[in-house]
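First up is the structure itself, then whatever we jot down about it.
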Amino acid sequence: AGLGWIDPALQTDVLKLLQERDHYRTSPELTAQEIEVLSCAAEGLTNQEIAARTRQSVETVKLRLRRSFQKLGAADRANAVALAVRQKLI
């Protein structure tokens, strides 16, 4: 009772997507630079402040943040920081 129903023709595809999503979230494989930038973001630093601290351009900081968002499956900066903290990446 209360169980959902998935069309048998779609079951394999749905399971594959769920497994990929779970693997992606638990194994984001962030680079050291992405972790450094996310750690700075977690401190509340702006992109300009992160760039100054890490000696990178603002555009590089933005790129590293965007890539970390994608790898973590994050919607935004705050979500990326929260996910990275939960996964003990930062």
Side-chain angles (χ1 to χ4, degrees):
L3 298 176
W5 181 83
I6 298 175
D7 183 336
L10 299 175
Q11 285 178 352
T12 302
D13 291 335
V14 170
L15 288 174
K16 187 186 294 185
L17 286 171
L18 290 172
Q19 289 169 343
E20 287 173 4
R21 181 201 66 191
D22 290 343
H23 173 74
Y24 199 49
R25 286 189 178 167
T26 59
S27 306
E29 299 175 15
L30 296 178
T31 66
Q33 295 86 359
E34 290 163 347
I35 290 170
E36 179 182 31
V37 168
L38 265 180
S39 294
C40 291
E43 292 178 35
L45 299 181
T46 65
N47 290 346
Q48 292 77 15
E49 292 168 332
I50 296 170
R53 181 183 285 185
T54 61
R55 297 185 176 159
Q56 301 174 52
S57 72
V58 173
E59 289 307 312
T60 299
V61 168
K62 289 178 182 178
L63 176 65
R64 294 191 197 289
L65 286 170
R66 279 194 306 272
R67 286 186 178 164
S68 64
F69 295 177
Q70 291 170 341
K71 290 178 180 182
L72 291 166
D76 56 31
R77 186 183 194 105
N79 187 219
V81 167
L83 290 168
V85 168
R86 277 189 216 131
Q87 294 178 31
K88 297 181 170 73
L89 298 171
I90 58 171

Point to revise | Charged N-O contact under 4.0 Å between K71 and E29 | key: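 No, this pair does not count.
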**Study point:** Main-chain N/O of Q33 paired to E36 side chain as donor or acceptor, under 3.5 Å
**Key:**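 Looks like no, no N/O pair under 3.5 Å.
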Below 3.5 Å, can you tabulate the donor-acceptor pairs from side chains in residues 76-84 to any protein atom, sequence neighbours excluded?
from, atom 1, to, atom 2, distance (Å)
D76, OD1, A78, N, 3.3
D76, OD1, N79, N, 2.8
R77, NH1, N47, OD1, 2.8
R77, NH2, L45, O, 2.8
R77, NH2, N47, OD1, 3.3
N79, OD1, A75, N, 2.9

So [Y] and [X], do their side chains get closer than 4.5 Å, heavy atoms only?
X: L30; Y: L38; answer: yes
X: Q87; Y: L72; answer: yes
X: S68; Y: V37; answer: no

Point to revise | Qualifying salt bridge (charged side-chain N to carboxylate O under 4.0 Å, His left out) pairs with a residue from residues 56-65, counting only residues at least two apart or across chains | key: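 Residue pairs passing salt bridge (charged side-chain N to carboxylate O under 4.0 Å, His left out), neighbours aside: E59-K62.
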Practice item. Is it possible for you to say whether V58 and F69 belong to one hydrophobic cluster, with membership spreading through side-chain heavy-atom contacts below 4.5 Å? Key: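 Shared cluster, no.
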Review point. Residues two or more places apart in sequence or in another chain: which of them pass side chain to side chain donor-acceptor pair (under 3.5 Å) with S39?
Key: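 S39: no side chain to side chain donor-acceptor pair (under 3.5 Å) contacts found.
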Point to revise | salt bridge (Lys or Arg N to Asp or Glu O under 4.0 Å) partners of R53, counting only residues at least two apart | key: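 Testing R53 for salt bridge (Lys or Arg N to Asp or Glu O under 4.0 Å), a comparison that skips the adjacent residues, returns E43.
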Check your understanding: For the residue pair T46 and E49, what are the closest heavy atoms and their distance?
Key ->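 Nearest heavy atoms, T46 then E49: N-OE1, 2.8 Å.
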